[in-house]
Amino acid sequence: MLQLEGLTVVPDPRPERRARLLGLLEQHKAGAMTVTHLPNVRYLSGFTGSNGVLLVTPKGTKLFTDPRYALQTSGECDCAAKICTGPVWPELAKEVRRQALTALAMESDKLSHDQWLASAALFGKGVRLKRARGLVESLRAVKSSGEIEAIRRSVRLNSEAFQQALGEVRPGMTETQLAAEIDYRMRRLGAEGTAFETIVAAGERSALPHARPTGQQLRANQLLLVDMGASLDGYCSDMTRVVHLGPPPARARRLYEAVLEAQLASVAAVRPGAACARVDAAGRRALRKRGLDKFFRHSTGHGLGLEIHEGPRIGRKAEGVLRPGMVITIEPGVYLRGFGGIRIEDTVLVTETGVEVLTPTTKEFLVIPS
Ligand code: ZN
Ligand code: ZN
């Protein structure tokens with residue numbers, strides 16, 4: 001970062017990202033790569049359109065897209081662009097021949113079998129195709145300062161939308177209506193949209209970790225689980241809170257306290273160098289003390305950024321290690337059939353020395369008057 005008379009100039013991160021990708025490609029003995037997964041295309045070039053393939057080679061990076069994006073490309077991309085009037089792949093193959101490339105890495109986990117075969121036929125026998133999985137994703141797991149700021153803004157917007165929507169919660173309202181209210185608030189606050197389909201689950205339905213909102217009405221004396229995330233400037237946020245309509249019974253309070261304790265234990269385990277599996281284990285251990293670990297049936301969290309689910313995974317068998325600049329969720333939950341579920345989820349940043357919880361929303365067990 002450069003300091004110029006009180007102005008902070010953040011250098012464009014894209015050339016450095018592409019240079020690091022080329023470094024990774026060398027290790028894979030490929031030298032060049034096609035990037036088809038759109039969040040990866042955006043990360044490397046700035047392009048946000050829905051049709052574009054990048055060719056990254058030591059000679060430079062070129063985007064291949066169609067005429068709909070001619071204008072957008074010149075505004076967004078910092079690399080060369082080829083506006084193709086026909087299909088993009090034959091044009092890309094021409095460039096591969098022009099540069100006399102003999103090996104090309106492809107995002108094999110993002111291409112269909114047919115696409116792989118078609119491009120192999122197009123490139124011909126002179127070009128060896130190499131399966132490259134998760135290369136750009138591995139770069140994306142550690143966020144730049146600009147990305148961290150973008151996630152902070154998204155997280156703040158999400159919490160504000162939750163706060164506003166909470167003021168609208170009334171018995172008689174349906175889950176779908178509350179979800180619509182949340183989505184509307186996000187957009188009003190400036191989000192492009194939701195990062196994923198908003199989850200609103202009342203009463204026993206809160207025991208379904210990924211419940212879709214239904215026409216069921218909210219009633220007094222019920223748990224209400226909301227899992228929501230915004231997308232702002234391309235960056236996601238993710239938060240779950242559980243509130244109670246009317247004063248909660250002792251059982252709900254006990255469960256809430258147990259999940260909160262587990263969540264705080266996992267958050268406290270977040271620091272650079274910590275094994276992701278250990279962060280998961282910390283929360284699970286807290287639940288085991290209360291005999292509740294068997295009701296925690298998913299992993300503790302996930303990275304997020306341009307996509308809602310990115311590396312690293314924070315699970316029982318996760319192999320990764322946390323590094324400064326990673327942004328992850330911590331979201332343990334307990335789900336009891338016939339009663340309901342409680343999950344508490346924050347978005348947190350791995351700092352140089354430990355952890356910063358980005359989500360500003362209170363984790364007190366909120367009671368909605370009913
Ligand atoms: Zn969530
Ligand atoms: Zn999540």
Side-chain angles (χ1 to χ4, degrees), residues 39 137 140-141 143 147 150-152 154-163 165-166 175 178-179 181-183 185-186 191 193-202 205-213 223-232 234-243 256 259-260 262-264 266-267 269-270 276 279-280 282-284 296-316 318 320 322 326-335 340-350 355-363 366:
E137 285 84 348
R140 280 172 48 198
K143 270 69 185 174
E147 290 185 289
I151 295 171
R152 262 185 218 284
S154 180
V155 164
R156 277 201 292 262
L157 184 150
N158 194 44
S159 284
E160 177 60 30
F162 174 73
Q163 204 55 40
L166 210 56
E175 291 174 345
L178 178 55
E181 195 66 47
I182 287 169
D183 298 358
R185 301 282 169 179
M186 282 190 204
T194 60
F196 55 90
E197 208 178 314
T198 303
I199 296 173
V200 173
R205 296 193 68 258
S206 57
L208 305 164
H210 264 192
R212 277 232 168 89
L223 286 168
L224 175 63
L225 182 149
V226 174
D227 187 352
M228 58 190 278
S231 172
L232 178 62
Y235 282 84
C236 298
S237 44
D238 195 1
M239 170 177 81
T240 308
R241 288 294 183 267
V242 172
V243 301
Y256 192 92
V259 174
L260 182 55
Q263 207 264 355
L264 294 173
S266 278
V267 170
V270 173
C276 295
V279 174
D280 179 275
R284 240 170 258 282
F296 176 22
R297 297 195 191 90
H298 52 77
S299 53
T300 291
H302 52 88
L304 85 179
L306 287 171
E307 290 178 277
I308 185 62
H309 291 124
E310 304 186 353
R313 206 176 67 79
I314 313 296
R316 227 191 292 231
L322 294 179
M326 286 181 164
V327 179
I328 58 173
T329 67
I330 299 291
E331 50 178 306
V334 159
Y335 310 92
I342 289 172
R343 174 165 73 252
I344 303 173
E345 174 181 30
D346 283 333
T347 300
V348 311
L349 166 69
V350 185
V355 61
E356 181 189 342
V357 177
L358 301 182
T359 310
T361 303
T362 181
K363 285 185 273 196
L366 291 180

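Order of appearance sets the numbers: ligands from 1, and atoms from 1 within every ligand. Each residue takes its place number in the sequence, starting with 1.
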Sidechain-backbone polar pair: T347 side chain, D238 backbone, donor-acceptor under 3.5 Å = yes
In Å, rounded to the nearest 0.5 Å, how long is the span from NZ of K363 to CG of D346?
-> 4.0 Å
Got a second to check how far E345's CD is from T361's OG1, nearest 0.5 Å?
-> 11.5 Å
Are any side-chain N or O atoms of T194 and backbone N or O atoms of F196, one a donor and one an acceptor, separated by less than 3.5 Å?
-> yes
Cut-off under 2.8 Å, centre the Zn ion (ligand 2), protein N/O/S atoms | D238 OD2, H302 NE2, E331 OE2, E345 OE2
Work out which heavy atom in T329 is nearest to a heavy atom in I314; give both atom names and the distance.
-> O-CG1, 4.4 Å
Spell out, as yes or no, whether a donor-acceptor pair under 3.5 Å connects the side chain of R205 to the backbone of L224.
-> no
